[in-house]
Each structure stands twice: as C-alpha cells, then as structure tokens.
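Below is one structure; the comments refer to it alone.
Note that these values count all heavy atoms, side chains included, but never hydrogens, waters or copies made by symmetry. Letters A, B, ... mirror the listed sequences (proteins, then strands); counts begin at 1.
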Amino acid sequence: MPGSGVNMTVDAGPVPSGERPRAFKVKIKHWRTLASWSWNAGDDVCGICRNPFDGCSPEAKYPGDDSPVVWGTCRHAFHLQCITQWLSSQTEQRCPICRQNWEFKSAEENEE
Amino acid sequence: MDLSRVQKEIKEISLDKASGISVRVMGNDLTRLQGTINGPKDTVYEGGVFVVDIEIKGVYPFEPPKMRFKTKIYHPNVSSQNGAICLDILKDQWSPALTIKTALLSLQALLCSPEPNDPQDAVVAKLFLGDHPLFERTARHWTRTYATPGQETEGLTQLLEMGFTREQAQEALDGAAGDLNAAIAALLG
Ligand SMILES: [Zn+2]
Ligand SMILES: [Zn+2]
C-alpha cells in the first residue's frame, strides 16, 4: 500500500451555513495523490467482484463515490454493495473468504 | 451478471496450463461455458478428459455456477445417468469468493477422493463400498470408453465386427465392466 506519512495543512473548504469558516490542522497518515488513489485495504481486489478497490463495484458508476470499501472484523474487505448483496441472500452471515461470522468493523477500529 | 468478472476468470484459467483444467465459451454470451478436467494421475480416471457443462446465471457470483458432467463418468458423487454432481461448494457451501476455476479444481479433487457416504449415484456408491475391484474395473472402462478422445476400445471394435450394433455392443460392455467375453456371453445369452 502506498503511504508516505506526511503532515500537511488543509483548508476545510466551504462549510455549511451557520458554522464559522475555519482552517484546521490534520495529520495525514496515509497520503495518496489523486492519480494513484486507492483504498487502504489488505488486498487490492474485492473478493467478490474481483474489481480493484480503486475501481467500481459492478453496481456503481464512479470509482470511490459509490463503491465504499468495508471491512469485517475478520479483516477481509469488500465493496459495500458486494458484501451487502451477498449477506442479504444468506441466512447465516459469514465472510465469503474465511467463512467466519461476518461483523462490520467500525471505522475507528480501522484507524491504526 | 457480472460480465467483467466472468471474463477475467476465463482469462485466468486459460493462462494456467499446469492445472489440467480448461474452459471455453459456448455461443456468443458468457452464460454457457464448457470446462474440461483431465483425469488425475493414479486414479481410475487417468488418461480421460472429462467435459463439464457450465451455466452461469445472472446472479453469479452470488449463486454458484451450475455444473454437470457432459462426459459419462463412473463416480459415486456423479449421476451415471445425467452427470449431475453432488458437491457442497456447488450447492449450499458456495461463496462468491470461489470461482469457476476453484469449482473445476474441486471437481478434479473429487475425482481423486470420492465420497461414497454422500452419494449422488447410490448404485455406484454401493459398488464402490461393496465390491471395490469391480468398481475400479467399471470406472476404468468408462474412462477408456467415454473420456478418451478418439479411442475406440478393442472390445467395442470386435463386437462391431461381429455384427452387433454400436448401442448393443456398448451396453453389453458397460454391463460387463469392459470384459469382452462376458459381454459376448450377455449378447448371445
Ligand atoms: Zn466488489
Ligand atoms: Zn473473512
């Protein structure tokens, strides 16, 4: 996975009305240029549709926007659409790769 | 259907020359494929090439590909009548992380290790457990007869020369597990 761990200052950009515009400092642990943008997943390819995570799920139109990547507590990653479609067709909720019980890993747990 | 995934899978199989499986597209969409499995070495299926009909339905990969042996095969987990296959990953143990390739490789593995206690063909399974030498002779005979491209067994040739029709001769040989004398006896009996 690309990631150089740079620190940078970003402007928060337009904010919803009613909130004061402000600039804040963020620490970016994984920096990617737009050209080589990719999800921070253990594997580069969705285990269901086999499309790269920086591409679309078969149901989505635009890379990234409509194809969020989600993780299970087993650490396997899939497009949200792909895993949702699989789980909704199953009575037992299991990871397609390791067959462990599937539980969505929360966002905080992913930040390490 | 997820066409791009099926296309990728077909390409991946065609690049792998070592695994003894192949797949080709039948017709002009990707819903009908035909796979082949080389009979594994040191089994009664060695030397045979087994054709598997594959149907990819619109919900693939969320449902398994439908697979059926097109080549007649004598195996406890395959119907000797219509080629239907009893294999868990093609049914309730399917996962969308599996592929056409892993399914064909699983079939190849099934040829190495039949599971007669969970049979598709009860008659074949009974013979497998009850008279294993006869099972092996019959399975080898079927491999030579139905799965060996361009080869007519010596027994069949002789029976044809004796004036029996191909159907009669084949049926008698199958019934006699390929034993020519027993087949002749049956035909004349
Ligand atoms: Zn996907
Ligand atoms: Zn998993």
In this structure, are over 12 heavy atoms from other groups packed under 6.0 Å from [X] atom [atom1]?
X         : atom1 : result
Lys91(B)  : NZ    : yes
Gln168(B) : CD    : yes
Glu103(A) : CD    : no
Arg99(A)  : CZ    : yes

query = Under a 4.5 Å cut-off applied to non-hydrogen side-chain atoms, are Lys8(B) and Asn51(A) in contact?
reply = yes
message = Any heavy-atom pair between the side chains of Pro61(B) and Ile48(A) that's under 4.5 Å?
response = yes
task = With rounding to the nearest 0.5 Å, note down the distance linking SG in Cys49(A) to CZ in Phe62(B).
result = 8.0 Å
inquiry  = When you measure from the side chain of Arg50(A) to the backbone of Glu9(B), do you find a donor-acceptor pair of N or O atoms at a distance under 3.5 Å?
reply    = no
Closest contact, heavy atoms only, Ala97(B) versus Pro96(A) = CB-O, 3.4 Å
ask   = Can you name the closest pair of heavy atoms from Trp94(B) and Trp86(A) and give their distance?
value = O-CH2, 3.4 Å
message = Given heavy-atom pairs under 4.5 angstrom as the criterion, report whether the side chain, backbone, both or neither of Gln93(B) touches chain A.
response = both
message = Is there a continuous path of hydrophobic side-chain contacts, each under 4.5 Å between heavy atoms, that joins Ile54(B) to Val49(B)?
response = no
task = Would you kindly confirm whether Leu105(B) and Ile56(B) end up in one hydrophobic cluster when ILVMFWY residues are joined by side chain heavy atoms under 4.5 Å apart?
result = yes
ask   = Measuring heavy-atom distances to chain B, does Arg94(A) have an atom under 4.5 Å in its side chain, in its backbone, in both, or in neither?
value = neither
